[in-house]
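So the structure is just underneath, and the comments pick up after that.
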Amino acid sequence: MLIGIGYGNYVVADKIVAVIGFESAPVKRLVREAKKENRLIDATSGHKTRSVVILLNNQILVSANLPETIVEKMGGR
């Protein structure tokens with residue numbers, strides 16, 4: 001099942017490990033390290049990052065949608 005993460009971008013629901021907010025310093029550090037290691041997928045389309053999605057393959061995806069919105073689209077899993 002594909003989940004819309006904003007601006008016409010989708011991710012396979014079964015590949016999602018966690019959906020977290022972007023506010024804390026450890027999460028920002030995680031995103032910064034993923035970018036250095038070329039593991040970051042930016043799906044914000046130039047908008048403010050509001051959530052971070054951790055995928056099974058150790059990639060990090062950033063989205064402009066709120067974490068609650070993404071989880072709601074997943075059916076509240």
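These values consider heavy atoms only, across backbone and side chains, with no hydrogens, waters or symmetry-generated copies. Note that the numbering runs from 1 along the sequence shown for the chain. A quick note: this is a predicted structure, and the numbers were derived from the prediction, not measured.
Scanning all heavy atoms of the two residues, the minimum distance from K28 to E23 falls at CE-O, 3.7 Å. Closest approach of A34 and I60 over heavy atoms only: CB-CG1, 3.6 Å.
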Start with the C-alpha distance between T44 and S63, add both sets of side-chain angles, then the distance that settles side chain to side chain contact (heavy atoms under 4.5 Å, CB included), and finish with yes or no. CA-CA 5 Å; T44 61; S63 172; 5.5 Å; no
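Applying the side chain to side chain donor-acceptor pair (under 3.5 Å) rule to Y7 yields the partners H47; only residues at least two apart in sequence or on another chain are considered. In this structure, the side-chain contact (heavy atoms from CB on, under 4.5 Å) partners of I16, at least two apart in sequence or on a different chain, are V11, V19, V53, L55, M74. Take E68 and apply the side chain to side chain donor-acceptor pair (under 3.5 Å) test, not counting sequence neighbours, and it matches no residue. Remark: K15 pairs with V12, L56 by the side-chain contact (heavy atoms from CB on, under 4.5 Å) rule, at least two apart or across chains.
The main-chain N or O of G4 is found under 3.5 Å from a side-chain atom of K73 such that the two form a donor-acceptor pair.
Counting heavy atoms from C-beta on, the side chains of V62 and V31 come closer than 4.5 Å. Between N9 and S45, some side-chain heavy-atom pair lies under the 4.5 Å cut-off. A 4.5 Å side-chain heavy-atom check between Q59 and I54 finds every atom pair outside the cut-off.
Note on residues 12-42: no pairs pass ring-ring contact (aromatic ring centres under 6.0 Å, His included), not counting sequence neighbours. Pairs passing the salt bridge (charged side-chain N to carboxylate O under 4.0 Å, His left out) check and including a residue from residues 37-65, sequence neighbours excluded, read E37-R39.
V71 and V17 fall into different hydrophobic clusters, defined by Ile, Leu, Val, Met, Phe, Trp and Tyr side-chain heavy atoms under 4.5 Å apart, directly or through other members. No continuous path of hydrophobic side-chain contacts links L66 to L61 [ILVMFWY only; heavy atoms under 4.5 Å].
Between atom OG of residue S51 and atom CG of residue N65 there is a gap of 6.5 Å, rounded to the nearest 0.5 Å.
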